[in-house]
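Below is one structure, written out as structure tokens; the observations come after it.
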Amino acid sequence: MAESITTDPLTPVLSATWGADRSWTLQTYEQHEGYAGLRAALRQQPGEIIDTVKESGLRGRGGAGFPTGMKWGFLPKPDGGPRYLVVNADESEPGTCKDIPLMLAAPHLLVEGVVITSFAIGCNHAFIYVRGEVVHVYRRLMQAVEEAYAAGYLGRNILGSGFDLDITVHAGAGAYICGEETALLDSLEGLRGQPRLKPPFPAVAGLYARPTVVNNVESIASVPSIIRRGPDWFKSMGTEKSTGYGIFSLSGHVTRPGQYEAPLGTTLRQLLDLAGGIREGHELKFWTPGGSSTPIFTAEHLDVPLDFEQVAAAGSMLGTRALQIFDETTCVVRATLRWTEFYAHESCGKCTPCREGTFWMKQVLRRLEAGQGTEEDLDTLLDQCDNILGRAFCALGDGATSPVMSSIKYFRDEFIAHQREGRCPFDPVASTLFAGADIQ
Amino acid sequence: MAIPAQTRERLATECRQIMARYPQRRSALLPMLHLVQSEEGYVSPDGIALCAELLDLTAAEVAAVATFYTQFKRHPNGEYTVGVCTNTLCAVMGGDAIYDSLSEHLGVGHDETTEDGKITLERIECNAACDYAPVVMVNWEFFDNQTPASAREVTDRLRAGEDVAPTRGAAKVCTFKEISRVLAGFPDGRANEGVGAGPATLEGVRLAERNGWKAPSQDGDGTQSGPSEEK
């Protein structure tokens, strides 16, 4: 464990410059050591960079937590044909709101990470696939790429190194499934965004069937600091198997929701202290550790260290550190129904368990939420989950079962209360941001 | 609605510019659909035919893609898409109340457009701004921490032809057609407008500044390395 080294409660690295004047410009970025990591990287051999990232222990920040350096190492040996880096900037998991503010405030952090990573893996054309529903982020990314070309950080013979790289920033068009890496690749190829069968994995046959690395925005944005300050510095934060810093996104019924960059392994109790606690006069009821696809937690999990291993050991997943926090005014049945409606809406339709299963779960939950369900419906729901989990084509189907199974596990009585009372026992107004205010 | 020949020629030229961004031209299809949408306010049969012709695809193949993505409209869209996030967290925080209020105020339901052609109302899924819940997106610009009253006011001002500024975004909300053109990859020169970050984005950074909290400034060998934090 790295716990012998005491780090500060917050460790801003990625977020350090977000508050600077015109933080999104190249000028501001360069004033804060911008592209120093790239200069250091270009003096090294590509293999050394991969080794450094492996040594740092950096794990994918898009939810799955796969070791980033190892992913790069899976590419087959160069065969003279193209290899691609594709950045997954399709941030759409409910509760997840870290990559979008990062790209809005500091797009060059991502661009620098893309150049270093491309150099490391031998890629000469990288893509940033950003969801289409954030037009100002797309503007900032396009401008950052333009500025980087003009400054010689992109294009031919970058900083005299002989290395060439082009970046294409690509806007999606509204589809949660495109956050799944193979669906993203299909979408980037101009197809419907539906997942591909794996294997072959993208490392072997990805974009245009060529070797491809697909990484999350935050993962790639972490690379420049690791190159600049070394793997040991990175490992001095976090826990043994979940090293480094990460952005924790607090939303919902907290006093000061927002982005908190802290070492992995920080607990919700610690984060709530920083965020001023649950909103005044209320108490924590349930929360997601990493987005809606991660099983919910309750107040009994306040002290679970938020790293990959310990969240898993407690029965959920670290996911994207998207901490959606709900107090006692929130109806867990309503929350679960809405998430299930989301998965049914976003199911791509390719595989039967997910397409049909989410549709039927939605029907059952609607009945339960309206107070017209039966206790037997809960068994039906769990049976439906059993027929989706592990049987769907991709992780969307698995994710859809998380809120259902975990909410029944922790709040079975609340489902039954709906049936008993013949309606939802909660007042939805009480849980709003403007509860009590005269602004209807 | 037929696309005039001259417009068609310009669109074809711009579509070829889009294709040039990619090693394989079919990758241009999504941005091309954004582009044809910027001309007609939706993906029309003519727009589909143009994309099909330029990419050597059938109209059915293009339509199959266009209908998969929620941002591509199959009928003429209003000048402004007002999307209320009604995914769980925003819904609980007030998104449901905002949507109901707007629907009643505007007299339209999901994916319907007001008679004056100004506003298309939508229920949208999570738009990655949960720390600003409840969130409303107008033509894919952020309106943070909304209430039913503030959202109604935004729609009133848009219908009155006023310039309306998002919370985090350009100096004013552009039209649906203008935004569709940006999403096709043609910048509109507005990247430097608006803030870098909103207050919730900066909560952690500001708290760290006040307390002097930083990432470790030394590497594992004890070698001094420069601080990356601004003080």
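Scope of the values below: all heavy atoms of this structure, side chains included, with no hydrogens, waters or symmetry mates.
Comparing A:Pro428, A:Ala106, A:Ser431 by heavy-atom pairs within less than 4.5 Å of chain B, the highest count is held by A:Ser431. By number of non-hydrogen pairs under 4.5 angstrom with chain B, the leading residue of A:Pro9, A:Ser249, A:Ala171, A:Ala175 is A:Pro9. Comparing B:Val182, B:Ile98, B:Ile18, B:Ile124 by how many heavy-atom pairs each has under 4.5 Å with chain A, the most go to B:Val182. Options B:Ala184, B:Pro23, B:Cys85 differ in how many heavy-atom pairs under 4.5 Å they form with chain A, and the most are formed by B:Pro23. Of the listed residues (B:Leu29, B:Val195, B:Asn139), the one with the most heavy-atom contacts under 4.5 Å to chain A is B:Val195. Chosen from B:Ala197, B:Ala133, B:Ala64, the residue pairing most often with chain A at heavy-atom distances under 4.5 Å is B:Ala64. Among the candidates B:Leu202, B:Asn145, B:Val92, B:Val62, the residue making the largest number of heavy-atom pairs closer than 4.5 Å to chain A is B:Val92. Looking only at heavy-atom pairs under 4.5 Å with chain B, the residue among A:Ala144, A:Ser187, A:Ala430, A:Pro403 that has the most is A:Ser187. Your options are B:Glu141, B:Met32, B:Arg25, and the one with the most heavy-atom pairs under 4.5 Å with chain A is B:Glu141. With chain B as the partner, the residue from A:Gly190, A:Gly258, A:Gly172 showing the most heavy-atom pairs under 4.5 Å is A:Gly190.
Interface residue B:Leu183: backbone and side-chain heavy atoms are both found under 4.5 Å from chain A. In this structure, the portion of B:Cys174 lying under 4.5 Å from any heavy atom of chain A is its side chain and not its backbone. Using a 4.5 Å cut-off between heavy atoms, B:Pro166 makes no contact with chain A at all. Neither the backbone nor the side chain of B:Glu61 comes within less than 4.5 Å of any heavy atom in chain A. Contact annotation for B:Ala170: both backbone and side-chain heavy atoms come within less than 4.5 Å of a heavy atom of chain A. Of the two parts of B:Thr81, neither the backbone nor the side chain holds a non-hydrogen atom closer than 4.5 Å to a non-hydrogen atom of chain A. B:Ala91 touches chain A through backbone and side chain together, each having a heavy atom under 4.5 Å away. Only the side chain of A:His345 comes within less than 4.5 Å of a heavy atom in chain B; its backbone stays farther off. For B:Met137, the part lying under 4.5 angstrom from a heavy atom of chain A is the side chain only. Only the side chain of A:Ile100 comes within contact range of chain B, with at least one heavy atom under 4.5 Å from a heavy atom of that chain. For A:Ser23, the part lying near chain B is the side chain, with the backbone staying farther off; criterion is any non-hydrogen pair under 4.5 Å. Neither the backbone nor the side chain of A:Glu261 comes within contact range of chain B; no heavy atoms are under 4.5 Å apart. Residue contact with chain B, scored on non-hydrogen atoms closer than 4.5 Å, is absent for A:Phe248. When heavy atoms are compared at a cutoff of 4.5 Å, A:Phe234 does not approach chain B at all. Looking at A:Ile177, only its side chain comes within 4.5 Å of chain B, counting heavy atoms on both sides. With a 4.5 Å cut-off on non-hydrogen atoms, A:Ser15 touches chain B through its backbone and its side chain both. There is no contact between A:Tyr176 and chain B, counting heavy-atom distances below 4.5 Å. A:Trp24 touches chain B through its side chain: at least one heavy atom from C-beta onward sits under 4.5 Å away, while N, CA, C and O do not.
Put simply, the side chain of B:Ser27 gets close to the backbone of A:Leu188: a donor and an acceptor are under 3.5 Å apart. Checked by atom type and distance alone, the side chain of B:Trp140 never pairs as donor or acceptor with a backbone atom of A:Gly132 at under 3.5 Å. With hydrogens and angles disregarded, no donor-acceptor distance shorter than 3.5 Å links the side chain of A:Arg256 to the backbone of B:Ala200. In this structure a side-chain-to-backbone donor-acceptor pair under 3.5 Å is present from B:Thr88 to A:Ala335. No side-chain donor-acceptor contact under 3.5 Å links B:Arg21 to the backbone of A:Thr168.
If you look at A:His170 and B:Tyr22, their ring centroids are closer than 6.0 Å.
Taking each heavy atom of A:Leu250 and B:Asp131 in turn, the nearest pair found is O-CB, 3.7 Å. What you find for A:Tyr138 and B:Gly185 is that their closest heavy atoms are OH-CA, 3.3 Å. In this structure, B:Pro216 and A:Trp233 approach most closely via the heavy-atom pair O-NE1, 2.7 Å. Looking at every heavy atom in both residues, A:Pro101 comes nearest to B:Thr201 through CB-CG2, 3.7 Å. Residues A:Pro12 and B:Ala208 come closest through the heavy atom pair CG-CB, 3.6 Å.
A heavy-atom distance below 4.5 Å is not found between the side chains of A:Gln259 and B:Glu203. Using a 4.5 Å heavy-atom threshold, the side chains of B:Thr67 and A:Arg192 count as touching. By the 4.5 Å heavy-atom criterion applied to side chains, A:Leu274 and B:Leu207 are counted as neighbours. Counting heavy atoms from C-beta outward, B:Asn192 and A:Arg22 have side chains that approach closer than 4.5 Å. Between A:Phe342 and B:Cys126 the shortest side-chain heavy-atom distance does not fall below 4.5 Å. With a 4.5 Å cut-off on side-chain heavy atoms, A:Cys178 and B:Tyr69 count as touching. Side-chain atoms of A:Arg139 and B:Pro187, non-hydrogen and from C-beta on, never get closer than 4.5 Å to each other. Counting heavy atoms from C-beta on, the side chains of A:Val134 and B:Phe142 come closer than 4.5 Å.
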Inset, instruction - Begin from the C-alpha positions of B:Gln24 and A:Glu189 and carry the test side chain to side chain contact (heavy atoms under 4.5 Å, CB included) through to its verdict. - result: CA-CA 8 Å; B:Gln24 294 190 10; A:Glu189 291 183 5; 5.9 Å; no
Inset, instruction - With side chain to side chain contact (heavy atoms under 4.5 Å, CB included) as the test, would you mind laying out the steps for A:Leu191 and B:Phe68 before giving the verdict? - result: CA-CA 9 Å; A:Leu191 302 163; B:Phe68 185 82; over 6 Å; no
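A distance of 8.0 Å separates OG of A:Ser92 from CG of B:Asn127, quoted to the nearest 0.5 Å. For the atom pair CE of B:Met93 and OG1 of A:Thr330, the computed distance is 8.5 Å after rounding to the nearest 0.5 Å. Taken to the nearest 0.5 Å, the CZ atom of B:Arg26 stands 11.5 Å off from the OH atom of A:Tyr208. Note that CD of A:Glu93 and CG of B:Asn87 are 9.0 Å apart. Values are rounded to the nearest 0.5 Å. To the nearest 0.5 Å, the span separating CG on A:Leu433 from SG on B:Cys90 amounts to 10.0 Å. Note that the CD atom of B:Glu193 and the CZ atom of A:Arg140 stand 9.5 Å from one another [nearest 0.5 Å].
A salt bridge between A:Arg334 and B:Asp96 is present, with a side-chain N of the basic residue lying under 4.0 Å from a carboxylate O of the acidic one. Between A:Arg131 and B:Glu125, none of the side-chain N atoms (NZ, or NE/NH1/NH2) sits under 4.0 Å from a carboxylate O, so this pair counts as no salt bridge. Here A:Asp8 does not pair with B:Lys214 in a salt bridge; the nearest charged N to carboxylate O distance is not below 4.0 Å.
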